[in-house]
Amino acid sequence: MINDKFLKPYNPQETEERIYKLWEESGFFNPDTLPGKCEKTFTIVMPPPNVTGVLHMGHALMLTLEDIMIRYKRMCGFKTLWLPGTDHAAIATQARVEKDIYKTEKKSRHDLGREEFLKRVEAFAKQSHDTITSQIRVMGASCDWSREAYTLDEKRSLAVRTMFKMMYDDGLIYRGSRIVNWDPKGQTTISDDEIVYEERKAKLYTFRYSKDFPIPIATTRPETKLGDVGVAVHPDGKWKQYIGQTFEIPDFAGVSLSIKVVGDTEVDPEFGTGAIGITPTHSFIDWEIAGRHALNKDRIVINEYAKMTEKAGPHAGKKTSEARESIVEWLKSEGLLEKEEEITQNVSTAERTGGIVEPLPKLQWFIDVNKPIKTREGKTLKDLMREAVKSGDIKILPNHFEKIYFHWIENLRDWCISRQIWFGHRVPVWYRSKLKVEDKKDEEVYVGVEPPRGDGWEQDPDTLDTWFSSGLWTFSTLGWPEKTKDIELYHPTDVLETGYEILFFWIARMVLMTKYALGTVPFRTVYLHGTVRDGQGRKMSKSLGNGIDPIDVAKKFGTDAGRMALIVGNTPGTDMNISEDKIRGYKNFANKLWNIVRFVIENTQGEIFEDGFTGYTETDAKLREERHEMFVDVTKDMEEYRFYMAAEKLYHYAWHTFADKILEESKVIFEKGTDVEKKSRKQLLIHSLDKILKTLHPFIPFVTEEIWQLWKQPKGKDGMLMVAEWPIK
RNA sequence: GGGCGCAUAGCUCAGUUGGUUAGAGCGUGCGAUUCACAUUCGCAAGGUCGCAGGUUCGAUUCCUGCUGCGCCCACCA
């Protein structure tokens, strides 16, 4: 008899949680307990969501795409592993907690102290973790929770320390004083990728150091000029006659300068005045030029708080902006200011704190990307990254991102991995002297996986860039540095699916780490999805109030509807728009499917599914053939990552071919047809429905599983749709 | 400044290697319907596939140029 449930519309709220539990308890998310003899594996390691917040549409898209691949491969008989996890997201999480604490208690992290502060961060991370993982379940993600990992848990910490030690021993990690991006607001260094540029109006001043200095200099930051040690001109430019000369400036706004003119091809003789005032300590390019010409690199005039130092003479203690004003005043009064023009320039600001980035020389830990590696045939890390994609070992979808990837590698500088924040992996380095970090003379340094023995050791206070631990993700999650069976079986992973915005942050760094440590690629295929935007193509944001919460969607329309809406029309690498209207359309689809089943059940009472049935009428044989071709097509789409197309084809077939045409015609047959026609049609219907449910399952797993259970009433858990066989081989 | 991409129906977008009348969803109009459908079904209107050239028997699809839009990268002082 037909189940009473079919007399009412499909109710996802009543269904989804129950079905997820059924799946999870079956143990089939775990490849070790998955039935099947096939030894071929298929692995995805989940990009770990940050423990800072809640699930958003981007996560929902990621989870849906990955779940589709995983469910599809599982049905194709692969030993399928989808390994979930979360990311401690060092700076983001610390900043978030600092803000909360300041808001409620008006205290800074320094007021609380390192230990207490870390306790608070961990408590927050724990709570946030629980929210995130339960939300991942709501999305229907069929991942193996028994292998769940966290970028800051014990195993991953061991992996991080081991990697650091390895790279240090190979001379790839070094400590050095170099110009870094310093965020005065967050009091930490940040990587190039954590900078956002803001366009601002600025003034470009053209001036001379003194009346008899021959070359005019342009700058937007006169306060840094107190730190100048030279002027660079093009070797063949109009100022070449001065190359090699040194000018003593006894009084430049209260300090004395010694300016040497050097010739450097990096100077554009056509631009500006054709000369650059060299401030080695507060500009990247100047630091490099100074290095090439052995200019003094210790004239630091701005400190970590963006204030002037003692070396700025009378300006010491002033904010940079104040110093700028008074120097401009001084230049004017001395008649040294030649020009003042309005320009727009890009100011570097820190992504997380919004602070204006101050380039400063600091003693930091770096990864050398240009050093030949003995264990890798003398190749550099850059070489390894480039070769992984160039050789075709890694394919990036869509293809044109490969160009962007190569371009990024060409411009890559040494990677600064130390951060002056507290939350994260502590740098596994210990020093044995009380001397300040800035002064490494007489200092004993120990680098190790475990702390050193003996007294007087003090660990480096810094933590590692969060992408250092993320870089190990595909293999640290599988147990590295231990030689585990998981690594042997599941690494390299098959697909890395993520948003294109973290191609450099993360993907490139995983390639770097994996090629270096294991000699293999971390994954075979990179599938990049675009940004999820609102119905009008705007970014979802709190201030616009146009965000759509995937959990709300699940409540209102059902997870299946949200998943389908995210997939149809979503091509890799392209942003997509989503609106409630679109989602509503797919809620109706779930209900349509529900009613299709009701019709089929009611009209095929007593009919048994006959495998290999051959008694089809000519009409039905043709319909069967068309159906088969469609499924072959869809299978090809699945293999070639065209999920958007597979989903649409299946949707169209189920609704507009199967329901609108075939079911409508069946009404006539069941009323007036011969017994042979009826029999043929009943077999066609149950075979078609069987296959429609199977092929739709990766996309809309809940409603298809629920229908399957009600229709087929399988005895054991092996009869679940989740582990049914994909109908096309 | 360098790089990458996009421009197709009122809106949001598909169109898989060039091949008959270019598709979907939403929206719009007309009609039907308590017979699986908190509805659904049928029918319809609507596109010189950004512009200009080129390759080809044939171009929305390939090439060149132009225009408009978007994204990423960047230490022009």
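First the proteins, then the strands, lettered A, B, ... as listed; each starts at 1.
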B:U12 and B:G27: how far apart are their C1' atoms, nearest whole angstrom? 11 Å

In terms of heavy-atom contacts, A:Ile278 and A:Ala290 come closest through CG2-CB, 4.4 Å

Looking only at atom C1', what distance separates B:C6 and B:C43, rounded to whole Å? 35 Å

What stems, by residue range, does RNA chain B take part in, given at least 3 consecutive Watson-Crick or G-U pairs under 3.5 Å? B:1-7 with B:67-73, B:10-13 with B:23-26, B:28-32 with B:40-44, B:50-54 with B:62-66

When the nearest nucleotide of RNA chain B is assigned to A:Val568 and to A:Lys225 on a heavy-atom basis, which residue is associated with the more 5' position? A:Val568

For the C1' atoms, the ones on B:A14 and on B:G25, what distance do you get once it is rounded to whole angstrom? 10 Å

Quiz item: A:Glu664 side-chain donor-acceptor pair to B:A36 base, under 3.5 Å: yes

Distance check, P atoms only: B:A74 and B:G47, in whole angstrom units. 46 Å

Pairwise P distance, B:U64 and B:A77 [rounded to whole Å]: 34 Å

is_close_aromatic(A:Trp415, A:Phe366), centroid dist under 6.0 Å: no

Which comes earlier along RNA chain B counting from the 5' end, the contact point of A:Ile404 or that of A:Asn595, where each point is its nearest nucleotide? A:Ile404

Identify whether the distance between the nearest side-chain nitrogen and carboxylate oxygen of A:Lys395 and A:Glu402 falls below 4.0 Å. no

May I ask you to say whether A:Lys667 pairs ionically with A:Glu671, meaning some side-chain N is under 4.0 Å from a carboxylate O? no

Could you check which of B:C4, B:C72, B:C75 has an atom nearest any side-chain atom of A:His400? B:C4

A:Asp637 CG - B:U16 C1' separation (whole Å): 7 Å

B:G15 and B:A9, which share atom name P, separated by this distance in whole Å: 15 Å

Looking at A:Tyr586, I'd like to know whether one of its side-chain N or O atoms comes within less than 4.0 Å of OP1 or OP2 on B:G25. no

For A:Arg681 and A:Ser666, test the side chains for any donor-to-acceptor distance below 3.5 angstrom and give the result as yes or no. yes

Using a strict cut-off of less than 4.0 Å between a Lys/Arg side-chain nitrogen and an Asp/Glu carboxylate oxygen, indicate whether A:Lys5 and A:Glu706 qualify as a salt bridge. yes

Between A:Tyr586 and A:Tyr651, is the ring centre distance below 6.0 Å? yes

